[in-house]
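Heads up: the structure comes next, in structure tokens.
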Amino acid sequence: MHDYRVLRDDVEMLRGAMERRGKRDQYEPVIARGIALDASRRAMIQAVEEKKAARNQNSQEVARRKRNKEDAEELIAAGRLLGEEIAGLEYELGQSQADLDAILLDLPNVTLDEVPAGDESANRIEKSWGTPRDGAGCKPHWELAAQLGILDLERGAKISGSGFVVMRGAGARLTRALMNLFIDLHTREHGYEEVWVPVLVNRRTMIGTGQLPKFEEDMYAIRDEEMYLVPTAEVPVTNLYRDEILTGAELPRGFVAYTPCFRREAGAAGKDTRGLLRLHQFDKVEIVRYTTPEQSPEEHERLTRHAETLLERLGLPYRRVLLAAGDTGQSSAKTWDLEAWAPGVGKYLEVSSCSTFTDYQARRANIRYRPAAGEKPRFVHTLNGSGLAFPRVIACLLEHYQQPDGTVRLPEVLHPYMGTAVLG
RNA sequence: GGACAGGUGGCCGAGUGGCUUAAGGCGCACGCCUGGAAAGCGUGUGGUGGGGAAACUCACUCGCGGGUUCGAAUCCCGCCCUGUCCGCCA
């Protein structure tokens, strides 16, 4: 969400940002309407406040006369008229305000200068780690998993539908192991506070992080309740401090949470549907940071390193990709995707998305901090990243560490969590 | 789900229609006092929006939203949340 003032003072900047996202044409009429609404809104505010000041003064005078047992009929009549005028103006103002808010909620965040313009073809690989295994002779994870008996796609589909999976035996245990490994690392070595949060949230929470009102069709909702299943722990965790004012001294702050994630994947039908590549329900550990605006660039790098560290501990080759503006999510100002190599499917799989949202989410969720006692509150910057998403990590682990006989040799860091070195 | 009791500023707490532009206290900040501190005394202490270069000023804000009224923290209606008890339940 943007400040109203952008429409007054910085509209060229906004237009440029939409241009870089390839959405100038889409948003130009929205921006134009926003500018007009902002101007009329301000005029109405002035008019209505003038009337209210008059009404307040009038009421004071009525009170004074009544105390002195003087006649106030004339003033009461004048007050009645003012009240009617105010009611009319306020109704109009409410309409303008609602329309303008809808526009401000609809406009995507402004990407940072270093984010390349254009669509995903302009995405930029910024670094690579490890040596991708040659895919020759490598099986895809769904074959390995079937052979190992750790993944039951058929029964997942029976119980819930396609895109829902059952993990069994070592597969189920692997999920629990990754959850513990990731949370342990983030709490013990990266300084995050562990939190356990609701996965069913109200509408206001979904608006706070930017999923609503725009992406209603991507969300699972509870009928008759106006509750939503979270698509990521980012939603409840970022909203922890909604409508609160933190102190500057407690920033930066980091939180780590495991949650299941629920996504309808409405626009992705038929894409990457095999095995563990794209699910309606999956598990993920998420890291979220609150920072000051000044610290947010370095915090973004730090958070991304925290996610990368997990891949390095698991020994999975990966690359860091800077998303172009057109591929960057609505709320994000800059996103690095971490993609781990899956030799069996012969692709890099997105296992983490590390974003800085600047003050976009903080405005929507009204999360502020006071730099020092007595100073004005400012919006925090919020950041988050997957650390990491399990199904694709499991796919990469199986494929990367597979042996010719179909067994899988696990990386050492998982041995204590799994109680074994080999699957199969 | 039902009954009852509540929701006031950072915190406690007064306040059943106009002399409240939210009393008083605590906390906090600054000042006086002091060799230094404590105590004491004094002053100041929220947020949002509009106007203004600023000083400042106007409006809104007593859980949220409506309503009654010239005027609502106060009266009415709906909702949310918290507590206690009952019911149900992992």
Side-chain angles (χ1 to χ4, degrees), chain A residues 1-10 34-105 196-208 212 222-228 236 239-251 260 359-380:
Chain A
M1 175 163 197
H2 299 278
D3 192 340
Y4 299 105
R5 291 182 190 84
V6 172
L7 293 169
R8 267 172 244 168
D9 307 331
D10 237 350
I35 292 169
L37 277 168
D38 177 58
S40 65
R41 182 190 73 106
R42 268 189 298 166
M44 279 188 272
I45 285 173
Q46 287 190 40
V48 79
E49 289 193 356
E50 213 171 282
K51 298 273 184 208
K52 282 183 174 179
R55 180 185 64 184
N56 289 348
Q57 227 174 339
N58 189 64
S59 297
Q60 295 271 77
E61 183 58 18
V62 171
R64 197 192 62 77
R65 290 204 187 173
K66 291 224 165 183
R67 243 178 279 128
N68 297 338
K69 310 267 193 267
E70 293 170 18
D71 177 62
E73 279 313 310
E74 200 179 312
L75 292 177
I76 287 172
R80 187 176 293 127
L81 185 61
L82 279 169
E84 283 162 13
E85 289 175 338
I86 288 166
L89 285 168
E90 279 195 323
Y91 176 77
E92 279 183 63
L93 180 59
Q95 298 291 310
S96 296
Q97 185 78 52
D99 290 348
L100 185 55
D101 283 344
I103 286 172
L104 290 168
L105 286 172
W196 194 272
V197 293
V199 296
L200 200 53
V201 301
N202 60 37
R203 188 175 175 82
R204 180 78 210 285
T205 296
M206 291 292 257
I207 289 171
L212 293 180
I222 305 301
R223 216 173 22 198
D224 304 331
E225 287 272 356
E226 203 157 67
M227 296 286 276
Y228 298 84
N239 276 280
L240 277 176
Y241 288 90
R242 189 176 76 226
D243 294 323
E244 294 193 42
I245 301 176
L246 303 162
T247 64
E250 56 191 321
L251 298 176
D359 63 4
Y360 187 88
Q361 290 182 328
R363 282 183 191 283
R364 296 173 81 103
N366 191 29
I367 306 165
R368 292 171 295 168
Y369 76 103
R370 200 182 299 282
E375 288 187 41
K376 279 285 215 186
R378 306 169 71 198
F379 288 108
V380 302

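Lettering of chains follows the sequences in order, A, B, ..., and the numbering in each one begins at 1.
At the heavy-atom level, A/R64 lies nowhere under 4.0 Å from the strands shown. Base contact: A/K66 has a heavy atom under 4.0 Å from a base atom. Nucleic acid contact class of A/R65 (heavy atoms, under 4.0 Å, all strands): none. Counting non-hydrogen atoms under 4.0 angstrom, A/K376 reaches the backbone sugars and phosphates but no base. A/R204 comes within 4.0 angstrom of nothing in the nucleic acid, heavy atoms only. Counting non-hydrogen atoms under 4.0 angstrom, A/R8 reaches the backbone sugars and phosphates but no base. Residue A/L75 is out of contact with every strand shown, counting any heavy-atom pair closer than 4.0 Å.
When all heavy atoms are compared, the tightest approach of A/P236 to A/V201 is CB-CG1, 4.3 Å. Nearest heavy-atom pair across A/G208 and A/N239 is CA-OD1, 4.0 Å. For the pair A/L212 and A/R364, the tightest heavy-atom approach, listed with the atom from each and the gap, is O-NH2, 2.8 Å. Closest approach of A/I35 to A/L7, counting heavy atoms only: CG1-O, 3.7 Å. Across every non-hydrogen atom of A/Y360 and A/L105, the tightest pair is OH-O, 3.8 Å. Scanning all heavy atoms of the two residues, the minimum distance from A/D38 to A/L100 falls at CA-CD2, 4.0 Å.
Taking the C1' atoms as reference points, B/G49 lies 27 Å from B/U68, given to the whole Å. Using C1' as the reference atom, B/U20 and B/C62 are 12 Å apart when rounded to the nearest Å. To the nearest whole angstrom, the two C1' atoms, one in B/G17 and one in B/G27, are 33 Å apart. Between B/G42 and B/C33, the two P atoms lie 16 Å apart (nearest whole Å). Of the P atoms belonging to B/C32 and B/G25, the separation is 23 Å, rounded to the nearest Å. Rounded to whole Å, the separation between the C1' atoms of B/C4 and B/G13 comes to 23 Å. A gap of 23 Å separates the P atoms of B/G46 and B/C41, to the nearest Å. As rounded to the nearest Å, B/A73 and B/U8 have P atoms that lie 16 Å from one another.
For RNA chain B, the outermost nucleotides in 5' to 3' order that have an atom under 4.0 Å from a heavy atom of chain A are B/G18 to B/G71.
Sequence order on RNA chain B of the closest nucleotides to A/N56 and A/Q46 puts A/Q46 first from the 5' end. Heavy-atom nearest nucleotides on RNA chain B were determined for A/A77 and for A/E90, and the one closer to the 5' end corresponds to A/E90.
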Exercise for the section: Just do the salt bridge (charged side-chain N to carboxylate O under 4.0 Å, His left out) check on A/R363 and A/D359 with the steps written out, would you? Expected result: CA-CA 6 Å; A/R363 282 183 191 283; A/D359 63 4; 3.2 Å; yes
Practice task
Report the C-alpha separation of A/Q97 and A/R41 in whole Å, then their side-chain angles, then the decisive distance to 0.1 Å, and conclude whether the side-chain contact (heavy atoms from CB on, under 4.5 Å) test is met.
Solution key: CA-CA 7 Å; A/Q97 185 78 52; A/R41 182 190 73 106; 3.5 Å; yes
Handout entry: Intermediate values then yes/no, side-chain hydrogen bond (donor to acceptor under 3.5 Å, both in side chains), A/Y4 and A/D101
Key = CA-CA 9 Å; A/Y4 299 105; A/D101 283 344; 3.3 Å; yes
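Residues satisfying the side chain to side chain contact (heavy atoms under 4.5 Å, CB included) test with A/R204, not counting sequence neighbours, are A/N202, A/R242, A/D243.
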Handout entry: Bracket notation of RNA chain B in which parentheses pair within the strand, [ ] cross earlier pairs, and | pairs with another strand (Watson-Crick or G-U, under 3.5 Å)
Key = ((((((((.[[[..)..(.....]]]((((((.......))))))((((((....)))))).[[[[[..)....]]]]])))))))....
